[in-house]
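What follows is a short report on a single structure.
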2 protein chains.
Amino acid sequence: MGQKGEETRGRLLDATRDLIETGGYFGTGLNQVVAASGAPRGSLYFHFPGGKDQLVAESVRRAGREIGEVLHALAETAPDAAGLVTGVIRLLGDRLEESGWRKGCPVATVALETAATSDPLHRACSDVYGSWEEALRLRLAADGHPEPDDTAATVLALVEGALLLARAHRSRDPLDRVTRRIAALL
Amino acid sequence: MGQKGEETRGRLLDATRDLIETGGYFGTGLNQVVAASGAPRGSLYFHFPGGKDQLVAESVRRAGREIGEVLHALAETAPDAAGLVTGVIRLLGDRLEESGWRKGCPVATVALETAATSDPLHRACSDVYGSWEEALRLRLAADGHPEPDDTAATVLALVEGALLLARAHRSRDPLDRVTRRIAALL
DNA sequence: TCCTGTTTATAGATCGGTCTACATATTTCC
DNA sequence: GGAAATATGTAGACCGATCTATAAACAGGA
């Protein structure tokens with residue numbers, strides 16, 4: 001495989017991740033991916049023989065892993081569950097605003113577009129959300145929360161919904177409002 | 001304008017609405033719209049000279065109005081805010097499951113895809129979400145809720161997030177979990 | 001020379017959008 | 001009242017651009 005090969009592969013995944021976050025699965029063309037990554041067209045199909053689906057699925061999983069790591073790090077350092085959640089929202093809000101309302105949740109758009117059509121992509125998105133929810137659940141359970149399962153799902157839904165609304169309105173307002181009311185759930 | 005013309009126009013909007021709900025803006029081709037509606041290609045550009053953007057924007061607003069009417073009807077009949085929210089979730093959940101996880105929120109996918117790129121589409125999505133939030137806020141205020149503004153935004157985010165997760169997992173589970181925890185916010 | 005790992009070039013389909021021709025109402029004018 | 005003129009839609013072929021995917025050519029080391 002070689003070092004150069006791995007690097008090209010990584011550049012393709014990073015470029016894909018950036019582009020799908022803004023435009024989703026159908027809104028991102030492989031021409032854009034090739035142009036943004038600097039890799040030649042054929043390399044894409046060498047590294048991802050499964051084509052666009054494989055490329056996007058791996059990008060989704062990679063993005064999910066990255067955010068998952070941030071989540072775990074915050075879960076270690078935050079004083080309580082409320083601090084964890086508000087910390088995540090602030091971090092994601094900063095990223096969203098700095099990117100000009102382009103970068104919200106890297107999974108959401110693809111998840112909605114492919115929910116009913118593509119099995120491998122649907123599975124990738126489902127797995128990522130599952131892992132995030134599990135991270136939340138663990139911290140809630142460790143804190144002795146009475147309903148860790150339902151609350152983890154609810155908090156994840158709340159954060160995803162707030163990110164969606166923030167992008168739709170191009171404003172941090174929904175994130176701020178949700179932050180102010182989150183304590184009622186925890 | 002004529003009766004026939006209005007009917008063709010409506011068929012185009014309905015077909016578009018169905019298709020974008022499943023595949024989003026970029027995932028829906030005008031060929032599909034033309035095929036599904038039965039209208040010829042020329043009629044599309046006669047009724048929607050603004051092209052795809054105008055067609056989709058009007059479809060989003062129409063879908064938003066329809067759900068808004070359901071929301072207002074439920075706000076009149078539900079005994080309290082909790083009943084209103086759980087009623088909405090049950091209704092949307094039924095629709096989602098019956099459609100094979102295709103029909104969640106008719107606005108969400110387009111909102112995410114076009115948040116940073118298309119102004120008219122972004123505005124249409126933003127307006128629809130704003131109208132739904134306002135309907136919630138009015139009912140919360142009428143019930144004497146202490147924080148109607150923040151809570152309306154939070155509840156809307158929660159429902160949208162739960163619909164997103166339900167589609168991602170192809171399961172009602174997130175909707176059920178959120179329903180069980182919603183009382184803590186109201 | 002041959003194989004492995006890349007890269008270029010291109011194929012074939014589909015995209016959104018425009019064009020002209022045609023059918024059907026509706027209005028105008030004698 | 002009835003024909004001519006105008007407005008309102010319908011219909012589908014067609015355009016260049018772009019899409020994903022493949023096939024053929026290329027480089028460098030054993």
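Convention: sequence-line order gives letters A, B, ...; per-chain numbering from 1.
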>> For K52(A), give me all partners under salt bridge (Lys or Arg N to Asp or Glu O under 4.0 Å), at least two apart in sequence or on another chain.
In response: none

> Rounded to whole angstrom units, what separation is found between the CG atom of L19(B) and the C1' atom of dC15(C)?
Replying inline: 15 Å

>> Please tell me if H47(B) has a side-chain N or O lying less than 4.0 Å from either OP1 or OP2 of dT8(D).
In response: no

> Given atom CZ of R9(B) and atom P of dT8(D), what is their separation to the nearest angstrom?
Replying inline: 14 Å

> Taking CZ from F48(B) and P from dT10(D), how many angstroms apart are they, rounded to a whole number?
Replying inline: 11 Å

>> For E21(B), run the salt bridge (Lys or Arg N to Asp or Glu O under 4.0 Å) check against K103(B), R102(B), R95(B), R167(B) and tell me which one passes.
In response: R95(B)

> Is a salt bridge present between D143(B) and R139(B), judged by a nitrogen-to-oxygen distance below 4.0 Å?
Replying inline: yes

>> Could you report the tightest heavy-atom contact between V178(B) and T154(A), atom names first, then the distance?
In response: CA-OG1, 3.7 Å

> Separation of F46(B) atom CZ from dA11(D) atom P, in whole Å?
Replying inline: 13 Å

> Looking at CG of L164(B) and SG of C105(B), how far apart are the two atoms once the value is rounded to the nearest 0.5 Å?
Replying inline: 10.0 Å

> Reading nucleotides 20-29 of chain D 5' to 3', which nucleotides get B (base under 4.0 Å from a protein heavy atom), which S (sugar-phosphate only), which -?
Replying inline: BBB-------

> Over how many whole Å does the gap from L44(B) atom CG to dC14(D) atom C1' extend?
Replying inline: 16 Å

>> When you measure from the side-chain N and O atoms of S43(A) to the phosphate of dT7(C), is any distance below 4.0 Å, counting only OP1 and OP2?
In response: yes

> Over how many whole Å does the gap from R11(A) atom CZ to dT6(C) atom C1' extend?
Replying inline: 13 Å

> Roughly how far, to the nearest 0.5 Å, is CZ of R180(B) from CG of D149(A)?
Replying inline: 9.0 Å

